[in-house]
Asker: 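Provided herewith is a single structure, encoded as structure tokens, for subsequent inquiry.
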Amino acid sequence: MPISSRLNLIQKDIKTSGDIMETVKVSASKEYIVNIGTGFLSSIGEKICEIKPLCRVVLVSDDTVFSLYGEKVKKSLTDNGFSVYEYVFPHGEESKSIENYEKILNFSAENSITRTDLFVALGGGVTGDLTGFVASSYLRGVDFVQIPTTVLSMVDSSVGGKTAINLNAGKNLCGAFYQPIAVYADCETLKTLPDETFNEGCAEIIKYGMILDSEFLTYLSKNSIRDNIEYAVKRCVEIKRDVVEHDEFEKGERKLLNFGHTIGHAIEKCSNLTISHGNAVAIGMVIATKGAYEIGMSDEDYSDVLLPILKANNLPTTCEFSAEDLYKVSLSDKKRSLDTMALIVPEEYGLCKIVKLPVEDLLNFIEKGMN
Ligand code: NAD
Ligand code: GLY
């Protein structure tokens, strides 16, 4: 069944447990629950007890997040009988490195962590990706739990099982598909996020409306994401769940989630990472949307819909690089084959499609998208 039809069914799996928690079940190579609520972090130990026998826990977090929430999570885990070994690393993308990966593996071995123990990732996408990759490979696979604390990690990186570290040659070049055993998204943690980081995550939320959910797109055009963050997180997780269940290993439809990312990555690279991922994706979505219309891949110019939503969420829509600069950098994208580039472009309002563009047409596509 195509994803667009299946989306009509997904509300059925949503249920409310207790007073604060919404749950979304993901059935991929592992079955797990994404729990979404506000203000439950101090009882996280009880919740993990429900899904995992008492064991040793390697709690991985960056210094910023650990200083805000680490002790609360640690206390709840220890109060419930888990033995906690914390591994805290400097915040930032640079920490998603092979050196840090190796350090966590050694830390785990030195503390005699076994295959029946647990890794817990407390933080944003950097922490989740790094911890997930450690969990996938330490002793050939140990359970892990995601506690995402950024908008981006709640709506995207904590769900679906992509884990990775960066290599000198590029981002996310070494990783594994490895699903967590549970995800706990406490929206209370988003209150301490810098505005800029919050907004960046909104780019990914808007992406979901553009690629697969016209109703949600309309909702976003009329409502503030910040004021409705719990609903927005839940809706995005539902959509991502549906995509992942259909195409866990990204053979086809999962590529839709890369809308705005090919040109976005080029923008990030051209800026030497001074333009953040979320901001770059926002601009990338605009270029892909306008470019697709201008070269006849889309019947309508859906940038008329996209631009006001991005602006309302304080996201940029243009950049200063030339089309030529972005084109050159885009050529090194992972989604490129010898002669073609897979691009995600709007097909209808709230629905995207995957197209293969001959590489020689890419410059024209970007130029038109930037006009
Ligand atoms: P991040 O983990 O670096 O977090 C951003 C910053 O916010 C960090 O400085 C962090 O310390 C801080 N922070 C996190 N939570 C906070 C909170 N509640 N309060 C205050 N500060 C907080 O970055 P991110 O934007 O969450 O994720 C980006 C990473 O995710 C990239 O490495 C990207 O490749 C990856 N990613 C992975 C997937 C996937 O499917 N696995 C999808 C999208 C992105
Ligand atoms: N963030 C893209 C994916 O999970 O496939």
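Sequential numbering from 1 along the given sequence is applied to the chain's residues.
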Asker: Should the heavy atoms of other residues, nucleotides or ligands under 6.0 Å from CD of Glu320 be counted, would the total exceed 12?
Answerer: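 Atom CD in Glu320 is not crowded, with 12 or fewer foreign heavy atoms closer than 6.0 Å.
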Asker: Heavy-atom count around Asp361 CG within 6.0 Å, excluding the residue itself: above 12?
Answerer: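 Atom CG in Asp361 is crowded, with more than 12 foreign heavy atoms closer than 6.0 Å.
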Asker: Would you say Arg241's side chain and Val34's backbone share a donor-acceptor pair under 3.5 angstrom?
Answerer: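 No; judged by distance alone, with no hydrogens or angles, the pair does not exist.
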Asker: Strictly distance-based, threshold 3.5 Å: is any side-chain N or O of Gln179 a donor or acceptor partner for the main-chain N or O of Gly161?
Answerer: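 Confirmed, Gln179 side chain pairs with Gly161 backbone.
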Asker: Judged by atom type as modelled, is there a donor-acceptor pair below 3.5 Å linking the side chain of Asp62 to the main-chain atoms of Phe89?
Answerer: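 It does not hold such a pair.
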Asker: Tell me, do Phe259 and Thr289 make a side-chain contact under 4.5 Å, heavy atoms counted?
Answerer: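 In contact.
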Asker: Does the pair Arg254 and Glu248 meet the rule for a salt bridge (charged side-chain N to carboxylate O under 4.0 Å, His left out), with working shown?
Answerer: CA-CA 7 Å; Arg254 188 165 180 167; Glu248 180 174 356; over 6 Å; no
Asker: I need the minimum non-hydrogen distance between Asp301 and Ser303, along with the two atoms involved.
Answerer: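 Answer, listing the atom of Asp301 first, then Ser303: OD1-OG, 2.6 Å.
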Asker: Does Tyr178 OH have over 12 foreign heavy atoms under 6.0 Å away?
Answerer: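 Yes, because the 6.0 Å sphere around OH of Tyr178 holds more than 12 heavy atoms from other groups.
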Asker: Would you mind reporting whether Tyr87 and Leu59 have side-chain heavy atoms less than 4.5 Å apart?
Answerer: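 They are not in contact (no side-chain heavy atoms under 4.5 Å apart), so the answer is no.
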Asker: Find out if a path of hydrophobic residues (ILVMFWY) with successive side-chain heavy-atom gaps under 4.5 Å connects Phe216 to Leu152.
Answerer: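 No.
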Asker: Heavy-atom distance under 4.5 Å between the side chains of Cys174 and Phe133, does that happen here?
Answerer: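 Side-chain contact under 4.5 Å: yes.
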Asker: Taking atom CG of Leu77 and atom CG of Leu122, what is their separation to the nearest 0.5 Å?
Answerer: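 These two atoms lie 9.5 Å from each other.
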Asker: Pairs in or reaching into residues 343-359: which pass side chain to side chain donor-acceptor pair (under 3.5 Å), with residues at least two apart or in two chains?
Answerer: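 For residues 343-359, and leaving out neighbouring residues, the side chain to side chain donor-acceptor pair (under 3.5 Å) pairs sorted by first residue read Thr218-Tyr349.
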Asker: Might you confirm whether atom NZ of Lys103 has over 12 heavy atoms from other residues, nucleotides or ligands at distances under 6.0 Å?
Answerer: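 Atom NZ in Lys103 is not crowded, with 12 or fewer foreign heavy atoms closer than 6.0 Å.
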Asker: Within this structure, what is the OG-CG distance for the pair Ser221 and Leu306, rounded to the nearest 0.5 Å?
Answerer: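 Ser221 atom OG to Leu306 atom CG measures 11.5 Å (nearest 0.5 Å).
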Asker: Give a yes or no on this: more than 12 heavy atoms of other residues, nucleotides or ligands lie within 6.0 Å of atom CG of Asn168.
Answerer: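 12 or below, so no.
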Asker: Please check: side-chain N/O of Ser136 versus main-chain N/O of Gly141, any donor-acceptor pairing under 3.5 Å?
Answerer: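 No.
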Asker: Which atom names give the shortest non-hydrogen contact between Val142 and Leu139, and what distance separates them?
Answerer: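 Closest heavy-atom pair between Val142 and Leu139: CG2-CB, 4.4 Å.
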Asker: Please walk me through it: do Arg226 and Asp195 pass salt bridge (charged side-chain N to carboxylate O under 4.0 Å, His left out)?
Answerer: CA-CA 10 Å; Arg226 191 176 274 277; Asp195 285 347; 3.2 Å; yes
Asker: Can you confirm whether Phe66 sits close enough to Glu71 that some side-chain heavy atom of one is under 4.5 Å from a side-chain heavy atom of the other?
Answerer: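 Counting from C-beta outward, Phe66 and Glu71 do come under 4.5 Å.
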Asker: When rounded to the nearest 0.5 angstrom, what is the spacing between CD1 in Ile239 and CG in Leu257?
Answerer: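 Atom-to-atom, Ile239:CD1 and Leu257:CG are 9.5 Å apart.
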Asker: Applying a strict under-4.5 Å side-chain criterion to I, L, V, M, F, W and Y, I'd like to know whether Ile98 and Leu273 cluster together.
Answerer: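 Per the 4.5 Å side-chain linkage, Ile98 and Leu273 are not co-clustered.
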Asker: Give the intermediate values and the outcome of side-chain hydrogen bond (donor to acceptor under 3.5 Å, both in side chains) for residues Thr274 and Asn272.
Answerer: CA-CA 6 Å; Thr274 57; Asn272 278 328; over 6 Å; no
Asker: Could you tell me whether the side chain of Val57 reaches within less than 4.5 Å of the side chain of Ser83, counting heavy atoms only?
Answerer: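 Counting from C-beta outward, Ser83 and Val57 never come under 4.5 Å.
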Asker: So do Asn100 and Leu130 actually touch side chain to side chain, heavy atoms under 4.5 Å?
Answerer: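 Leu130 reaches Asn100 side chain to side chain.
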Asker: If we ignore hydrogens and angles and just use 3.5 Å, is the side chain of Ser108 paired with the main-chain N or O of Ile104 as donor and acceptor?
Answerer: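 Flag set: sc Ser108 to bb Ile104 pair under 3.5 Å.
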Asker: Counting only N and O atoms by type, is there a donor-acceptor contact under 3.5 Å from the side chain of Asn279 to the main-chain atoms of Pro316?
Answerer: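 Answer holds: no.
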Asker: State whether the side chain of Tyr69 and the backbone N or O of Thr189 hold a donor-acceptor pair below 3.5 Å, judged by distance alone.
Answerer: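 A pair under 3.5 Å: yes.
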Asker: Within the side chain of Ser95, is there an N or O that forms a donor-acceptor pair under 3.5 Å with the backbone of Pro90?
Answerer: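 Flag set: sc Ser95 to bb Pro90 pair under 3.5 Å.
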Asker: Taking it one step at a time, do Asp143 and Lys52 satisfy salt bridge (charged side-chain N to carboxylate O under 4.0 Å, His left out)?
Answerer: CA-CA 9 Å; Asp143 285 349; Lys52 179 82 185 167; 3.0 Å; yes
Asker: Can you tell me how far apart CD1 (Ile229) and CD1 (Ile36) are? Round to the nearest 0.5 Å.
Answerer: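 Result: 10.5 Å between the selected atoms.
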Asker: Where the side chain of Ser298 meets the backbone of Pro346, is there a donor-acceptor pair that is under 3.5 Å apart?
Answerer: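 Yes, because the side chain of Ser298 sits within donor-acceptor range (under 3.5 Å) of the backbone of Pro346.
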Asker: Between Asn80 and Ser76 (side chain of the first, backbone of the second, donor and acceptor by atom type, cut-off under 3.5 Å), is there such a pair?
Answerer: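 Yes; judged by distance alone, with no hydrogens or angles, the pair exists.
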Asker: In terms of hydrophobic clustering (I, L, V, M, F, W, Y; side-chain heavy atoms under 4.5 Å; direct or indirect links), are Leu310 and Leu217 co-clustered?
Answerer: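 Same cluster.
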Asker: Might you point out which heavy atoms bring Asp247 and Gly252 nearest each other, and give the distance in Å?
Answerer: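 Nearest pair, atom of Asp247 first, then Gly252: OD2-N, 2.7 Å.
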Asker: Test Asp117 against Tyr85 for side-chain hydrogen bond (donor to acceptor under 3.5 Å, both in side chains), laying out the working first.
Answerer: CA-CA 11 Å; Asp117 290 327; Tyr85 301 78; over 6 Å; no
Asker: What I'd like to find out is whether the side chain of Lys47 reaches to under 4.5 Å of the side chain of Asn35, using heavy atoms alone.
Answerer: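 No. Closest side-chain heavy atoms not under 4.5 Å.
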Asker: In plain terms, say whether Glu250 and Lys255 are close enough for a salt bridge, that is, a side-chain N and a carboxylate O under 4.0 Å apart.
Answerer: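 Salt bridge flag = no for Lys255 with Glu250.
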Asker: When rounded to the nearest 0.5 angstrom, what is the spacing between OH in Tyr101 and NZ in Lys96?
Answerer: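 Tyr101 atom OH to Lys96 atom NZ measures 14.0 Å (nearest 0.5 Å).
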Asker: Please list, chain by chain and in numerical order, all residues satisfying side-chain contact (heavy atoms from CB on, under 4.5 Å) with Glu50, sequence neighbours excluded.
Answerer: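 side-chain contact (heavy atoms from CB on, under 4.5 Å) check on Glu50 returns nothing, list empty.
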Asker: Can you tell whether the side chains of Lys75 and Asp79 come within less than 4.0 Å, N to carboxylate O?
Answerer: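 Yes.
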Asker: When rounded to the nearest 0.5 angstrom, what distance separates NZ in Lys234 from CG in Asn228?
Answerer: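 Going from NZ on Lys234 over to CG on Asn228, the span is 11.5 Å.
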Asker: Tell me whether Val65 is reachable from Ile48 by hopping between hydrophobic residues (I, L, V, M, F, W, Y) whose side-chain heavy atoms are closer than 4.5 Å.
Answerer: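 The answer is yes; both residues are in one hydrophobic cluster.
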Asker: Using a strict 4.0 Å threshold on nitrogen-to-oxygen distance, state whether Asp213 and Arg235 make a salt bridge.
Answerer: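 Yes, this pair counts.
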Asker: Tell me whether Leu212 shares a hydrophobic cluster with Met154, the cluster being built from Ile, Leu, Val, Met, Phe, Trp, Tyr side chains joined at under 4.5 Å.
Answerer: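 Yes: a chain of side-chain contacts under 4.5 Å links Leu212 to Met154.
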Asker: Does some side-chain heavy atom of Leu315 sit less than 4.5 Å from a side-chain heavy atom of Cys202?
Answerer: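 Cys202 reaches Leu315 side chain to side chain.
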Asker: Are Asp156 and Lys207 close enough, and set up right, to give a salt bridge (charged side-chain N to carboxylate O under 4.0 Å, His left out), and what steps lead you there?
Answerer: CA-CA 11 Å; Asp156 194 355; Lys207 175 191 81 177; 3.6 Å; yes
Asker: Can you list the steps and then say if Glu200 with Ser276 is a side-chain hydrogen bond (donor to acceptor under 3.5 Å, both in side chains)?
Answerer: CA-CA 8 Å; Glu200 283 170 37; Ser276 68; 3.1 Å; yes
Asker: Run the ring-centre check on Tyr327 versus Phe365 and record whether the distance is less than 6.0 Å.
Answerer: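 No - the distance between ring centres of Tyr327 and Phe365 does not fall below the 6.0 Å cut-off.
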Asker: Would Glu204 and His277 count as a side-chain hydrogen bond (donor to acceptor under 3.5 Å, both in side chains) here? Give the steps.
Answerer: CA-CA 10 Å; Glu204 302 287 351; His277 177 74; 3.2 Å; yes
Asker: Hey, are Asp129 and Lys162 close enough for a salt bridge, meaning a charged N less than 4.0 Å from a carboxylate O?
Answerer: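 No salt bridge links Asp129 with Lys162.
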Asker: Applying ring pair (Phe, Tyr, Trp, His ring centres under 6.0 Å), name anything that partners Phe177, two or more places apart in sequence or on another chain.
Answerer: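 Once residues adjacent in sequence are excluded, the partners of Phe177 under the ring pair (Phe, Tyr, Trp, His ring centres under 6.0 Å) criterion are Phe249.
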